[in-house]
Amino acid sequence: MKRFAAFLIAVLFSSNVWATTPQEAVQTPQWLALGHYRPQLFGGVESTIDSPEFFLSEKGKVNPLAELNATIALFEQNSDKEKMCLFPARYLFLKKHGLVDKAFPKCEEYEQFYEDVSPSGVTLLFTNAYMNNPSSLFGHTLIRIDTSRKGTQLLAHGMNYGAFTGDEAGVLFAVYGLTGGYYGGFTVKPYYDIINTYNNIENRDIWELNLDLTPEELQFFMAHTWELGHTQTQYFFFTENCSYMLMELLDAVRPSLKLADDFPVQAIPLDTLKAVNSREGLVKGVNYRPSRQNKIKYMYAQMSDEQKEAFEKIITSDVYELDGLSEVGKAGVFEAAYQYVQYQYVAKDIELKEYRKKSFRLLKERAGSEAKSSFKPLTQGQSPLMAHDSMRLETGVGIRNGEGFQQIAYRPAYTSLTDNSFGLLSGAEINFLNVAFRHYDSQDKYVLQNFDIVGIRSLAPVDVMFFPFSYNIQFGINRVMNPDTEEEGYSADLVVGGGVTYAVSDNVKVFGFMNNHVSYGGFLPHNQWVGLGANGGIYGDFGDWRILADAEKIWATSQFGDKVKYKAELSYSLSVNSSLALNYVFEDNHGHDVDESMLSWRWHF
């Protein structure tokens, strides 16, 4: 308690204090940021906070002056200690502007929170995409409140903003997330729990951006975090999400950042990370914390052929005799195998009894040698700060069955397999709301070519250690051709499939899927068809060059859907955010085939 009290007194008396009127103070960016007031389309402002308890005035959600006057009255009257203790950051603001004379009350719960966290700094965290959770497809951002306690930052606390979801799944989960059907809020928990969840269980890399805050800003951060901990807001998957609310929090601490202003339409976690990094004087260091899975893969990549053979015998057959290896070679194999057994247990691939047996045997074997492993630790990764931006505009020209066309397409998020993958999860495709319009020359006709509502594809290769499931989900509205009449119309198409991916080399993967197809629309015979498709292909990522080619045979309940489709795409990066792409599509459709080629330029922004 003494540490908190001394720090609070030092901050209050060392800060510049100037007298202002409420009419002047309400116009300051910090008061507007403290109330989370955002400009509205037709004028005025409204707070993104939805909890009534956050506002002291009945008009406080839309009237910053009324809320300021009510806050001044609360502290001047000095009669409601419980309510005053909910707003320490507002008190600091009023004190700084000479709008309150009374002392801040003794708030045991807030002081205990401050002492428990024992802050020494703030770090913004970014975890890469997690393909097994729809809410984490774009990655995730959260805060670590660095601790002043001696020892590792694993003893620090992490602060997360997330949606309070129920048991909903599938379509209902998506609808609630997109329309504000959930409420979100801030939670604080030990950082080692966060490391275990993201690094070890979900096997996601973590990037840490250490923020350069002054002591006063750190105090203000803690005070406003306390205020937000008692609130909830409507959660929107693309806008008021985990990343956006952190931008508003940092704006309240340092209003000159204006981070929230960068995201009027959507807030992708990677984009918010880049925004924070772009603010001069805000980031003082970047640290990479690889996942356990990537650590194991990195150790395996450094093994000799003999070490790999010995390692595989241990993890597949429990054979621990490493004849022919040097003591240094054995040390590396045993250490990698021990890490792998830990991974298996956390992933629930083995029971506790088996985990104890295997880990004890490996530790015993490792203790039998004083040699040190020659494996280097994984300390560097592809920084997401260097990845392409999330929105994409594409313009192209092409030929479809002998007819020329021009196309323009816009995708608000996020990445395709043939986009530059540097800094992103390799083999992951996450497209939302991709819309394409075309103009056909001979008919002088403008059409909606396709509206891809969602497109998710994961090409995660299996190997001797890991067995991820590859999958494919596509849903959208497409312009399709009737093979009987060669007329074109629209259908809503859903494709859901799963399969397996193998890595032929570090740069080349081959994959196979079984896909379920459902199409619906008035243009179709009997308004619908369903089918089953066998799909196989190859994907190559060679840095600036990417290639994707696949073929699929579809057996359908209607001749409309019964076909063989061939697709190939080649792209070349001109820069991080621009590339050229060449696409080819051929549909073998009972003699009424589709033959299409297109050359396009893509720009990420």
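Position 1 is the first residue of the sequence; numbering continues from there.
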Do the rings of Y414 and F138 sit parallel, tilted or perpendicular, given the 30° and 60° boundaries? perpendicular
Going by atom types alone, do [X] and [Y] pair a side-chain donor with an acceptor below 3.5 Å?
X    : Y    : result
T141 : S243 : yes
Y288 : D205 : yes
R411 : S416 : yes
H230 : S51  : no
N199 : S291 : no
T48  : Y37  : no

Can the positive tip of R292 be found less than 6.0 Å from the middle of the six-membered ring of Y343, inside 45° of the ring normal? no
Ring centroid separation for [X] and [Y], is it under 6.0 angstrom?
X    : Y    : value
Y345 : Y355 : yes
F238 : F432 : yes
F87  : F104 : no
F93  : F220 : no
F75  : Y91  : yes

From the list Y110, Y114, F186, ring-ring contact (aromatic ring centres under 6.0 Å, His included) partner of W226 resolves to Y110
Return yes if some donor-acceptor pair links the side-chain N/O of D544 with the main-chain N/O of S573 below 3.5 Å, else return no. no
Where do R289 and E208 land on the salt bridge (charged side-chain N to carboxylate O under 4.0 Å, His left out) test, with the steps shown first? CA-CA 8 Å; R289 187 182 291 272; E208 304 171 341; 3.2 Å; yes
Keeping to residues at least two apart or across chains, list the side chain to side chain donor-acceptor pair (under 3.5 Å) pairs with something in residues 68-79. T71-R90
Mind checking the CZ-NE2 spacing from R392 to H604? Nearest 0.5 Å is all I need. 5.5 Å
Side chain proximity check, L259 to R279, heavy atoms < 4.5 angstrom: yes
